[in-house]
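The model shown is predicted, which means the values in this text are computed figures rather than measured ones. Hydrogens, waters and symmetry mates play no part in the numbers below; they use all other heavy atoms, side chains included. Labels below follow one simple rule: chain letters A, B, ... track the order of the sequence lines, proteins then strands, and each chain is numbered from 1.
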Amino acid sequence: MSVRVRLAPSPTGNLHIGTARTAVFNWLFARNQGGTFVLRIEDTDRDRSKAEFTNNILDGLTWLGLDWDEGPFFQSQRFDLYDRTVQTLLDKGLAYRCYCTPEELSALRESQKAAKQAPRYDNRHRNLTPQQEADFETEGRVPVIRFKIDDDREITWDDMVRGPVKWKGSDLGGDMVIARAAKRPDVGQPLYNLAVVADDIDMDITHVIRGEDHIANTAKQILLYEALGKTPPQFAHAPLILNQKGAKLSKRDGATSVSEFREMGYTAAALANYMALLGWSPPDGEERFTLSDATAKFSFDRVNKAGAKFDWDKLNWLNSQILHEMPIDALLDRLIPLWQTAGYEFDPEGDRPWLERITATIAPSLTLLPDAVDMTRSLFAIDVEFDDKATKQLQGEGVSEVLEAVAANIDNSLNSEDEAQAIIKAVMKEKDVKKGVVMKSLRAGLTGSLQGPDLVQSWLVLHQRGLDKKRLEKAIAMGE
RNA sequence: AGUGCCGUAGGCAAAUUGGUUCAAGCCGCUAGACUUUCAAUCUGGUGAUUUGCGGGUUCGAGUCCCGUCGGCACUACCA
């Protein structure tokens, strides 16, 4: 049977980094096995599910290059299946109606907590007589449906990441609710564990790959498979993503959703690469790769059991590497919208060659895409502002003369690095000054700052817009 | 409270899956080179007194067992 995996996010928030990492593992495994990757949106909780989140999830996956083969399917459109499944369980006597009120249940939990016991349902309504049920109903109580979980059951499976896993029925918290309250004969809205199993069976899922936080659910779900007479799929539980302190990653840790990373200026390639590294290591030790490169090397043998701490430094490094190696053309396409947002004036079409020159100049210095905004500010500006250090430099002795000499040498043919260097050399000779003096003064006069991207390139960029002479004139005035 | 998992340098993490006295590599940090500067890049350095701690099994343990401490996760009419 061919491999079929699924990603089953619930649209109660933006695409979470943890979900995205799960998606990466599912995708890698599916592609490695020549299998099918199914996308299923788990929106059975109608109050919390929102269309905007679904869109965010779909966009995020697409952006990361995690294409799915089937779906997206929506659980909210599949209630018939779940109803039938619940009814089957009821008919088989493996599930029953429980009339406990929420108050009763929370009181039970409170008392257990007070007695320092693990919270669990005590199965008190498992064997109600028809008369008792009728009495509850006349009382106005509306029942949920619970699936029986025997305390002495032992559940085992061979996890692709953790090896053999054993679980006791008694540690599953008692009979579990599989459908929300509803008046009989209705069965109510299905709950997570039931819907998952019904769908995974219906969609012929062969491998369930998800986060470690689902491990207890797996035990429950295996019981459901059994009750429905089906063979459970293979399971793989990936380690959680932790923050620097070792706790589950949360909003306080900077960013938790893929869209936030995207807005911060990370590339999809870097984020995808980094997520694959969170809990998995390639056999050849090569840490930089594209997702498609990794498909051939991926296996759950090399997925770690320990949680993976999120390392911003490494993500940043990965992002800078990808930006440095990106073709100028492609990089420029990403920079244009950022520059436009910043209010820089240029013609994206007509100024293309000029923009490419700017891009090439700053490319080696980028870590995040938006870094390009600050770095190019003085290149786009019509006027130049001199900061304190630049001002001081310009007021230094002989600086004005040097700049005047440079300005005098600038002609319209200045178009290459060699020509610019030639001018610099000529001025050095003419004024008998060191190269450093010329360069430093030129930098101050041209860009208004003492540091920034390559000066000669910057100069050429400014020259193409006819800005160099004007700026030098202003700089010379500063020194007088 | 119970159950489960994890614990290798500041971070990620490798170790033919018990086998030799080098416990990889990457990030970070750091020095130098290059450069007008910052960054990038290149070269070198820094890192575990040894694998949380204490026992045990074994000819031999980071790798197995027991205990202990610590961290995390899960125990919803959320997913």
Student: Give the rounded distance in Å between these two atoms: CD of A:E286 and P of B:rA13.
Tutor: 17 Å
Student: Please tell me which of the listed nucleotides, B:rC72, B:rG28, B:rU36, lies nearest to the side chain of A:M439?
Tutor: B:rU36
Student: From the list B:rC6, B:rA76, B:rU36, which nucleotide is the closest neighbour of the side chain of A:R443?
Tutor: B:rU36
Student: What integer distance in Å separates A:N304:CG from B:rG25:C1'?
Tutor: 15 Å
Student: Below the 4.0 Å mark, does B:rC26 have OP1 or OP2 next to a side-chain nitrogen or oxygen of A:K314?
Tutor: no
Student: Taking only the side-chain nitrogens and oxygens of A:R302, find out if one of them lies under 4.0 Å from OP1 or OP2 of B:rA15.
Tutor: yes
Student: Between B:rU36 and A:K435, is there an OP1 or OP2 to side-chain N/O distance shorter than 4.0 Å?
Tutor: yes
Student: Without decimals, in angstroms, what is the distance between A:W167 CH2 and B:rA73 P?
Tutor: 14 Å
Student: Tell me whether A:D432 at atom CG has more than 12 heavy atoms from other residues, nucleotides or ligands lying less than 6.0 Å away.
Tutor: no
Student: One thing to verify: whether A:R6 and A:D199 come together as a salt bridge, which I'm taking to mean a side-chain N less than 4.0 angstrom from a carboxylate O.
Tutor: no
Student: Which of these nucleotides, B:rG4, B:rA79, B:rG25, is closest to any side-chain atom of A:H214?
Tutor: B:rA79
Student: Distance criterion of 3.5 Å, no angle test: do you see the side chain of A:E287 paired donor-to-acceptor with the base of B:rG25?
Tutor: yes
Student: Figure out the CD/C1' separation between A:E110 and B:rA1, and round it to whole Å.
Tutor: 13 Å
Student: Between the side chains of A:Q189 and A:Y82, is a donor N or O closer than 3.5 angstrom to an acceptor N or O?
Tutor: no
Student: Is the shortest side-chain N/O distance from A:T44 to OP1 or OP2 of B:rA79 below 4.0 Å?
Tutor: yes
Student: Using Watson-Crick or G-U wobble pairs with both distances under 3.5 Å, give me RNA chain B in dot-bracket, 5' to 3', with [ ] for crossers and | for pairs to another strand.
Tutor: (((((((..(((......[.....)))((((((.......)))))).....(((((..]....))))))))))))....
Student: From the list B:rC77, B:rC6, B:rA1, which nucleotide is the closest neighbour of the side chain of A:A306?
Tutor: B:rC6
Student: More than 12 non-hydrogen atoms from neighbouring residues, nucleotides or ligands closer than 6.0 Å to CD on A:E397, yes or no?
Tutor: no
Student: How far apart are the C-alpha atoms of A:L472 and A:L446, what are their side-chain angles, what is the distance that settles it, and do they pass the side-chain contact (heavy atoms from CB on, under 4.5 Å) test?
Tutor: CA-CA 6 Å; A:L472 288 181; A:L446 249 20; 3.7 Å; yes
Student: Using the side-chain heavy atoms of A:L191, tell me which of these nucleotides is nearest: B:rA14, B:rC6, B:rC77.
Tutor: B:rC77
Student: In this structure, how many angstroms lie between the C1' atom of B:rC6 and the CD1 atom of A:I215, rounded?
Tutor: 11 Å
Student: Counting side-chain heavy atoms from CB outward, which of B:rC77, B:rC38, B:rA13 is closest to A:S281?
Tutor: B:rA13
Student: Would you find more than 12 non-hydrogen atoms of other residues, nucleotides or ligands less than 6.0 Å from A:E356 atom CD?
Tutor: yes
Student: Using the ring centroid of each side chain, check whether A:H214 and A:Y192 are separated by less than 6.0 Å.
Tutor: yes
Student: Is A:R180 near enough to B:rC78 that one of its side-chain N or O atoms lies under 4.0 angstrom from OP1 or OP2?
Tutor: yes
Student: Which residue, A:G285 or A:S365, contacts RNA chain B at a nucleotide closer to its 5' end, judged by nearest heavy atom?
Tutor: A:G285
Student: Rounded to whole angstroms, how far apart are CG on A:L108 and P on B:rA76?
Tutor: 10 Å
Student: Can a side-chain donor-acceptor contact be found between A:T376 and A:W339 if the only test is distance below 3.5 angstrom?
Tutor: yes
Student: Syn or anti for B:rU58, please, going by whether the chi angle lies within 90° of 0.
Tutor: anti
Student: Report the nucleotide, chosen from B:rC12, B:rG4, B:rA79, that has the shortest atom-to-atom distance to any side-chain atom of A:D45.
Tutor: B:rA79
Student: Is there, by distance only and without an angle test, a donor paired with an acceptor across the side chain of A:N217 and the base of B:rA79 below 3.5 Å?
Tutor: yes
Student: Any cation-pi pair here, A:R124 with A:Y121, using under 6.0 Å and within 45°?
Tutor: no
Student: Of A:E212 and A:N193, whose closest RNA chain B nucleotide lies nearer the 5' terminus?
Tutor: A:E212
Student: Output yes when at least one side-chain N/O atom of A:Q321 is less than 4.0 Å from OP1 or OP2 of B:rA40, else no.
Tutor: no
Student: Closest approach to the side chain of A:R48, judged atom by atom: which nucleotide of B:rA13, B:rC5, B:rC78 is it?
Tutor: B:rC78
